[in-house]
Amino acid sequence: MAGFGWKLHGDGKTIRPGEVVLPGERMAMPITIGIGAQHVVAMFGATFLVPLLTGFDPATTLFFTGVGTIIFILVTSGRLPSYLGSSFALLAPIGAVTGYVAGGGEALDPHKAALAQGGVIAVGALLAVVGVIVHFAGARWIDRIMPPVVTGAIVSLIGFNLAPAAWNNVKTAPVTAVVTIVAILLVTVLFKGIIGRLSILIGVIIGYITAVLRHEVDFTAVAQAGYVGLPSFRAPAFDLSLLGLFIPVVLVLIAENVGHVKSVSAMTGEQLDDITGRALFSDGVSTVLAGFGGGSGTTTYAENIGVMAATRVYSTAAYIVAALIALTLSMFPKFGALIATIPAGVLGGAATVLYGMIGMLGVRIWVQNRVDFSDPVNLNTAAVAMIVAIANYTWMVGDMTFEGIALGSFSAIIIYHVMRAIARWRGTSQEAATPASAPGGAELTGDLVRDPEL
């Protein structure tokens with residue numbers, strides 16, 4: 001690992017009080033491997049839920065998160081620590097295309113799944129293009145297009161738009177779902193440090209045990225699966241009429257990546273703005289590769305910020321280890337088959353917390369950036385966008401379909417800028433002075449928001 005240029009931190013075994021292990025440093029090999037394994041555990045709870053909720057193969061998704069993480073570390077020259085896990089922002093458009101209901105008893109339609117993959121590829125390609133633009137033009141224009149009121153609205157509406165999907169799973173096994181929800185909530189408040197941050201994973205395990213005891217789990221597929229083998233790759237298909245469902249997701253992925261750069265910069269004390277474009281580009285390339293092979297789109301993960309905060313180790317070497325562990329696990333079909341046995345009740349319980357969390361974290365962006373809702377421009381921006389998404393408004397333009405998340409996202413951007421421009425022109429603006437870099441107060445990453453001080 002020294003060949004990649006990581007410098008050994010001190011003696012490689014201890015971290016003095018007040019010190020942090022910087023991205024370009026590493027600990028001794030056993031410690032680095034141990035921290036890498038922690039990163040796998042931290043990302044696992046959220047990462048495997050995405051393929052389970054969309055019907056995609058868990059092993060394939062895990063494989064591409066490993067590949068994507070390695071690409072991310074290499075493209076950013078080992079300066080930006082992050083694991084690229086599955087993005088929840090793509091759940092709604094994938095579900096809209098495939099019509100798949102987790103635990104509904106019907107198998108995923110291969111052709112519809114392939115079409116969804118085409119949408120994922122489009123998202124990744126556009127994100128990569130944005131990354132190139134940001135690399136040469138800078139990222140300040142992103143803050144201008146998506147100020148906190150817009151970013152918060154887009155994050156919130158994605159979570160709340162998914163609420164019906166959570167209920168569809170919960171109602172299949174309400175007892176198991178409630179146990180899962182309660183377990184996640186209790187673990188969050190009963191434990192500190194890394195255990196508390198793994199509440200979703202631990203809650204799912206408790207819910208899974210409950211489902212087994214209630215005879216809701218079928219292990220037939222596990223018995224039939226092989227011990228060693230490649231993931232189930234699947235070729236994509238393309239339909240331009242579906243792009244309206246997917247393209248708005250790029251806005252969320254941009255916000256997640258930019259927020260991740262800002263937060264890691266604040267936590268490590270290193271200036272990382274110059275690699276924002278490379279972060280966006282590498283996440284875009286990772287998402288494209290995942291789409292071509294049958295995996296979910298990727299994004300930077302806040303769950304792993306918790307591991308770094310707990311260990312004070314920001315070494316990107318640990319993420320290479322995490323990626324290699326994920327790749328190894330994806331080569332065990334029985335492991336993937338076991339993950340796929342998680343029943344609808346457990347998924348519904350976890351989704352209830354996660355989707356609601358995504359929705360409320362958008363609200364948190366407003367709070368942390370002191371968005372003034374006495375200003376009618378801010379109020380109407382959020383109000384219209386949220387209703388459009390929650391009610392899942394649908395608009396057909398020729399062969400192209402735009403649904404709640406797309407229409408809500410575009411509404412937030414258009415309403416804010418048009419109303420703001422008119423208000424300033426007419427002298428009716430009630431906007432308050434805003435901080436120079438409001439988005440830096442919180443990190444939107446991995447579908448979660450974290451304070452830089454964590």
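Side-chain contact between His39 and Tyr319 is present, with at least one heavy-atom pair separated by less than 4.5 Å. Proximity of Ile342 to Phe48: side-chain heavy atoms (C-beta onward) are separated by under 4.5 Å at one or more points. A 4.5 Å side-chain heavy-atom check between Trp141 and Ile133 finds at least one atom pair inside the cut-off.
Under a cutoff of 6.0 Å and an axis angle of 45°, Arg278 and Phe72 do not form a cation-pi pair.
From Asn257, atom CG reaches atom OG1 of Thr299 across 5.5 Å, with rounding to the nearest 0.5 Å.
In this structure a side-chain-to-backbone donor-acceptor pair under 3.5 Å is missing from Gln368 to Ile365. Remark: the backbone N or O of Thr298 is paired with a side-chain donor or acceptor of Thr287 at under 3.5 angstrom. Side-chain N or O atoms of Thr69 include none that pairs as donor or acceptor with a backbone N or O of Tyr83 at under 3.5 Å. Panel note: side chain Asp375, backbone Val377; a donor-acceptor pair is recorded below 3.5 Å.
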(message) Walk me through whether Asp273 and Ser265 qualify under side chain to side chain donor-acceptor pair (under 3.5 Å).
(response) CA-CA 8 Å; Asp273 286 350; Ser265 180; 5.3 Å; no
(request) Start with the C-alpha gap between Thr65 and Tyr301, add the side-chain angles, then the distance that decides, and say whether side chain to side chain donor-acceptor pair (under 3.5 Å) holds. (result) CA-CA 11 Å; Thr65 65; Tyr301 251 35; over 6 Å; no
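In the model, Thr316 has a side-chain atom that pairs as donor or acceptor with a side-chain atom of Trp6 under 3.5 Å.
Partner of Ile325 under the side chain to side chain contact (heavy atoms under 4.5 Å, CB included) criterion, chosen from Leu329, Thr328, Leu327: Leu329.
Ring to ring, Phe63 and Phe233 are close: their centroids are under 6.0 angstrom apart.
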